[in-house]
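As the structure lists them, so they are numbered: ligands from 1, and atoms in each ligand from 1.
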Amino acid sequence: MNQGPWTEIDAQHDWYNLPRSAPPKRSATERVADFLEVYGDYDEATAREQARRCVECAEPLCVSGCPLGNRIPEWMLLTAEGQFLEAAALSRSTSNMPEICARVCPQERLCEGACVLNGRAEPVAIGAIERFINEYAFAHGAVDPVPAPPNGMRVAVLGSGPGGLSCADELARRGYAVTVYESQPTPGGLLVNGIPAFKLEKSVVARRVSLLEKRGVVFKVGVTVGRDMSLAELQLEHDAIFLGFGAQQARPLGIPGSHLAGIYDALPFLVQKNTETPLDMPPIDVRGKRVAVLGGGDTAMDCLRTAIRCGAAETLCIYRRDRANMPGSRKEYDNSIEEGARFSFLTSPVSLLGDAEGRVTTVRCVRMELGAPDPSGRRSPRPVRGSEFDVPVDVVLTAYGFELVPFPPGSDLAMIKRNDRGEIAVDDQQMTSVNGVFAGGDLVRGPSLVVHAVRDARRAALGIHRYLSHRRLFELDADQTDHLSPELTT
Ligand SMILES: Cc1cc2nc3c(=O)[nH]c(=O)nc-3n(C[C@H](O)[C@H](O)[C@H](O)COP(=O)(O)OP(=O)(O)OC[C@H]3O[C@@H](n4cnc5c(N)ncnc54)[C@H](O)[C@@H]3O)c2cc1C
Ligand code: SF4
């Protein structure tokens, strides 16, 4: 605890005397036996107490640390006073899925990482309080939507990940008739077919989808746009379009031996073990096996923890940088360790070796050291000469990140311009190179975060609203001047 000249002033604040307390968490032994969520909710007294740790800064850094600019100090004050429904209403005013962001945001890099208490004490538990107030609002029936009066315009939302769902929500609130087209049988995108249930239970996503349905949003699932319907057909039937296809194509491993049996991409593995979504592939069996996961992001840790729940004998994460430079969430790293996963940092796979039947048996690795920081600020790893060693394995899961899935061959989606990195290019209103077609989420920024997809979608919905409002004004003007002679209208 801080003992400097500020001690007297600090002592007047609740954070000085009240330590941060984590929400209830199931023991590692209990939770590896199922896929249920790891964390529970605060009780009312703890939520109020924890909210009182907020110092109500005049210029709150947590608000700038949150990509949605959530009004955190305001809902902290309401929570501290026990006005939970008012706090939740305020949190919903800047976020379309606060109960989901509260569960999956890497808070230590966002709102909580920016909290002014850091360095003097533990930050305010923003994520846990956001989750508490919103679950409280659901439990008290305070989230039921009232459909907005129709404004006569139609928008197609393509893809139902957090980007698509948030855009649909924002537009439905403004009276647009929204239809969501989704290629999978269940809406939710990676919230369902990626992020495992122990981080985000499927029922939480289904509850959000059903709220949208109550708001009047129509879901058409099992429709792959570009194959079953063209962009041109959708443009004929709708006034504007939002693209939220995400980026779900696995980046290639690019080392010798990648073709061997027993090597799988992360996403099909996670989908097979975490969902009912049918996949055209045989079951991946990890029971009693030694599983190596290649990569160091959230997906890698989700694979380790899913493999543990499926009975793997050993799970090892192989990652080329050190722990400090690992992109995955710190909280989920700690959870992985508690559940029995092991990590080999500063290690890079150079090849995969197999047996006579062509099954993978070994990951050949090289030790790495960190050099100068790259343009992203992270230190670049380089191999240590002569440091190769072998890791015996039965199954390898690859989690090297994602890129855009190519559009179906011959699709008119291909006319939409891309940036240098191959992602869909948008302007500051999220509009693509095609008039009236907007985009957001992983499709425009590459693999990112749920909260970033929500932010893009909110901006796109506003862009669509402005675009269509201008168009309507223009059409009204034209209608009113139809009866005038041509010389008066030019
Ligand atoms: C395993 C894993 C774990 C993750 N963990 C976290 C985490 O803990 N926290 C976090 O913030 N982020 C996490 N992420 C990242 C996060 O899930 C994504 O950034 C986010 O889901 C992107 O949202 P989106 O709406 O852009 O796309 P997606 O969620 O990818 O949704 C895109 C949707 O579009 C549909 N679609 C694609 N093409 C078509 C088509 N042609 N026609 C119709 N539909 C189509 C897809 O089926 C999908 O449902 C994780 C990602 C993965 C893979
Ligand atoms: S949306 Fe994410 S970053 Fe923003 S307050 Fe909630 S948990 Fe923090």
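- Proximity to Gly163 (heavy-atom distance under 4.0 Å) selects the following atoms of ligand 1: 25 (O).
- Heavy atoms of Phe402 found under 4.0 angstrom from ligand 1 belong exclusively to the side chain.
- On a distance-only criterion, Leu270 and ligand 1 share no N/O pair closer than 3.5 Å.
- Among the atoms of Cys111, none of the N, O or S atoms falls under 2.8 Å from atom 2 (Fe) of ligand 2.
- Listed by number with element, the atoms of ligand 2 under 4.0 angstrom from any heavy atom of Leu110 are 3 (S).
- Near Ile72, meaning under 4.0 Å from any of its heavy atoms, are these atoms of ligand 2: 5 (S).
- Below 4.0 Å from some heavy atom of Cys66 lie the following atoms of ligand 2, by number and element: 1 (S), 3 (S), 4 (Fe), 5 (S).
- At a 4.0 Å heavy-atom cut-off, ligand 1 touches Ser183 through backbone and side chain alike.
- The N/O atoms of Gln248, backbone and side chain alike, include one that comes under 3.5 Å of an N/O atom in ligand 1.
- Below 4.0 Å from some heavy atom of Cys105 lie the following atoms of ligand 2, by number and element: 1 (S), 2 (Fe), 7 (S).
- In the vicinity of Asn70, heavy-atom distances shorter than 4.0 Å reach the ligand 2 atoms 1 (S), 4 (Fe), 5 (S), 6 (Fe).
- With a heavy-atom cut-off of 4.0 Å, Glu112 does not touch ligand 2 at all.
- The option with the heavy atom closest to atom 7 (S) of ligand 2, from among Arg71, Met97, Glu130, Glu99, is Glu130.
- Closest heavy-atom approach to atom 32 (C) of ligand 1 among the candidates Gly244, Gly159, Gly189, Gly297: Gly244.
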